[in-house]
**Q** 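One structure, as structure tokens, below. Some questions next.
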Amino acid sequence: MNYSVAPISGIDLNGVTTTNTNSAGTAIPTFGPLGTQVFGSDGKRYVFAKAGAAISASTTVVDINTTTFVAAASGGAYTSPTVAVASGEYAWFSKASV
């Protein structure tokens with residue numbers, strides 16, 4: 001199980017980030033902003049992004065848009081977290097090659 005080596009609390013590199021619903025009914029992640037980068041105990045770089053579509057656990061290689069930080073399961077340099085990520089959920093995606 002990987003963990004963040006950055007001096008920031010509240011980072012879970014192994015799961016989906018929880019959200020809270022605001023008064024407009026929009027799900028707001030409990031961590032942010034999108035595009036935040038940290039290093040994990042496994043030596044990989046992780047980027048906080050939003051899934052643009054459903055993404056399978058662990059084995060899916062994803063592309064992250066560098067403007068919107070939306071992850072798409074269409075190939076790329078990042079790997080999905082150890083759990084499945086539904087469309088619209090927020091998670092940490094690891095750099096596939098260090």
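Note: hydrogens, waters and symmetry copies are ignored here, and every other heavy atom, side chains too, is used.
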**Q** Does Lys95 reach the side chain of Tyr78, with side-chain heavy atoms less than 4.5 Å apart?
**A** yes
**Q** If you compare all heavy atoms of Ala91 against all heavy atoms of Val85, which two are closest, and at what distance to 0.1 Å?
**A** CB-CG2, 4.0 Å
**Q** Determine whether Phe93 and Pro81 make a side-chain contact, defined as any pair of heavy atoms from C-beta on separated by less than 4.5 Å.
**A** yes
**Q** Closest heavy-atom contact between Gly76 and Val61?
**A** O-CG1, 2.9 Å
**Q** Just jot down the ring pair (Phe, Tyr, Trp, His ring centres under 6.0 Å) partners of Phe69, sequence neighbours excluded, or say none.
**A** none
**Q** Are the side chain of Thr36 and the backbone N or O of Phe48 linked by a donor-acceptor pair below 3.5 Å?
**A** no
**Q** Who pairs with Asn22 by side chain to side chain contact (heavy atoms under 4.5 Å, CB included), at least two apart in sequence or on another chain?
**A** Ala24, Thr26, Ile28
**Q** Please find the pair of heavy atoms, one from Leu34 and one from Lys50, that lie closest to each other, and give the distance.
**A** CD2-N, 3.9 Å
**Q** Looking only at atom types and distance, does a side-chain atom of Ser87 sit under 3.5 Å from a main-chain N or O of Ala54, one as donor and one as acceptor?
**A** no
**Q** Thr82 and Ala57: which non-hydrogen atoms are nearest, and at how many Å?
**A** O-CB, 3.5 Å
**Q** In the single-linkage hydrophobic clustering (I, L, V, M, F, W, Y; side-chain heavy atoms under 4.5 Å), do Val62 and Val38 co-cluster?
**A** yes
**Q** Ile64, Val70: one ILVMFWY side-chain cluster at the under-4.5 Å cut-off?
**A** no
**Q** In Å and rounded to the nearest 0.5 Å, what is the CZ to OG1 distance from Phe31 to Thr17?
**A** 8.0 Å
